[in-house]
Amino acid sequence: MTVNIAIDGPAGAGKSTIAKRVAKLKNFIYVDTGAMYRAIALYFLRMHIKEDDCNAMISACKEALITIEYQNDEQIVLLNGENVNTLIRTEEVGKMASISSSVKEVREHLLELQRRLAREKNVVMDGRDIGTFVLPNANTKIYLTASSYVRAKRRYEELEQKGIPCDFNQIEKDIIDRDYRDMNREIAPLSQAKDAVYIDSSNLTIEEVVRKILELC
Ligand code: DC
């Protein structure tokens, strides 16, 4: 039997940074399910599929083979064999991922890959529906969040550091819109599993959150 840790929460709550650290400390595999949805979204954008064209997404997702590899502990997402790790980290792809992930067939396309990884390896898996739907029997479930202001501030500072011009109010608005879409879609919306531990990271450091999760495992 493998050990599975599920971390769900809204965009920008620090899930990936924290999940990566917990995975490293426990010698588990880190599985970023958002990256899988982003890779499919990149495929849709390349096919010039419109945000409201569900039917086109349903047929196109069958052509988008998503696989995962690990190089030096880093998850590499392959879209039809192409490493798309850096290409999927744009706002445009994130928005398309949030929209296209509400399509049932898109979610079904990725579900088996996610469950298989968790069956075969000890994993820390992060996303929106891991504790509620993908791995309902996960050994530890965390719901990690932070206020939209704090999440926008973190994103703003990250972009500023990279020298990318940005507008704080627009970033916060995008975060609020994304939360709304992710929490209000019909299939597997973002919500806290009944048996998940709620952690608000607004006033906690990364180390404090990691320590809390390790105590819970
Ligand atoms: O975590 P992220 O920002 O990389 O995720 C991008 C989008 O993918 C997110 O807005 C919603 C979707 N997603 C999902 O529906 N279910 C998951 N388990 C992970 C991500």
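Since the model is a prediction, treat every value here as computed from it, not as a measurement. Remember, it's 1-based here, ligands and their atoms both numbered in the order they're listed.
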Electrostatic pair Glu160:Lys153 at N-O distance under 4.0 angstrom: no

Aromatic rings Tyr156 and Phe168: how do their planes relate, parallel, tilted or perpendicular, breaks at 30° and 60°? perpendicular

Identify all pairs of nitrogen or oxygen atoms, one from ligand 1 and one from the protein, separated by less than 3.5 Å, and list them with distances.
{"unit_1": "ligand 1", "atom_1": "1 (O)", "unit_2": "Arg128", "atom_2": "NH1", "d": "2.9"}
{"unit_1": "ligand 1", "atom_1": "1 (O)", "unit_2": "Arg128", "atom_2": "NH2", "d": "3.4"}
{"unit_1": "ligand 1", "atom_1": "3 (O)", "unit_2": "Arg38", "atom_2": "NH2", "d": "3.1"}
{"unit_1": "ligand 1", "atom_1": "3 (O)", "unit_2": "Arg128", "atom_2": "NH2", "d": "3.4"}
{"unit_1": "ligand 1", "atom_1": "3 (O)", "unit_2": "Arg178", "atom_2": "NH1", "d": "3.0"}
{"unit_1": "ligand 1", "atom_1": "4 (O)", "unit_2": "Arg38", "atom_2": "NE", "d": "2.7"}
{"unit_1": "ligand 1", "atom_1": "10 (O)", "unit_2": "Arg178", "atom_2": "NH1", "d": "2.7"}
{"unit_1": "ligand 1", "atom_1": "10 (O)", "unit_2": "Asp182", "atom_2": "OD1", "d": "3.4"}
{"unit_1": "ligand 1", "atom_1": "10 (O)", "unit_2": "Asp182", "atom_2": "OD2", "d": "2.9"}
{"unit_1": "ligand 1", "atom_1": "15 (O)", "unit_2": "Ser101", "atom_2": "OG", "d": "3.3"}
{"unit_1": "ligand 1", "atom_1": "15 (O)", "unit_2": "Arg107", "atom_2": "NH1", "d": "2.8"}
{"unit_1": "ligand 1", "atom_1": "15 (O)", "unit_2": "Arg107", "atom_2": "NH2", "d": "3.4"}
{"unit_1": "ligand 1", "atom_1": "15 (O)", "unit_2": "Arg185", "atom_2": "NH1", "d": "2.8"}
{"unit_1": "ligand 1", "atom_1": "15 (O)", "unit_2": "Arg185", "atom_2": "NH2", "d": "3.0"}
{"unit_1": "ligand 1", "atom_1": "16 (N)", "unit_2": "Arg107", "atom_2": "NH2", "d": "3.0"}
{"unit_1": "ligand 1", "atom_1": "18 (N)", "unit_2": "Thr33", "atom_2": "OG1", "d": "3.0"}
{"unit_1": "ligand 1", "atom_1": "18 (N)", "unit_2": "Arg128", "atom_2": "N", "d": "3.1"}
{"unit_1": "ligand 1", "atom_1": "18 (N)", "unit_2": "Asp129", "atom_2": "OD1", "d": "2.9"}

Are there over 12 heavy-atom neighbours, none belonging to Asn184, within less than 6.0 Å of that residue's CG? yes

Inter- and intrachain pairs under salt bridge (Lys or Arg N to Asp or Glu O under 4.0 Å), touching [range], at least two apart:
| range | result |
| --- | --- |
| residues 32-54 | Asp32-Arg89, Arg46-Glu82, Glu51-Lys95 |
| residues 1-18 | none |
| residues 186-206 | Lys141-Asp195 |

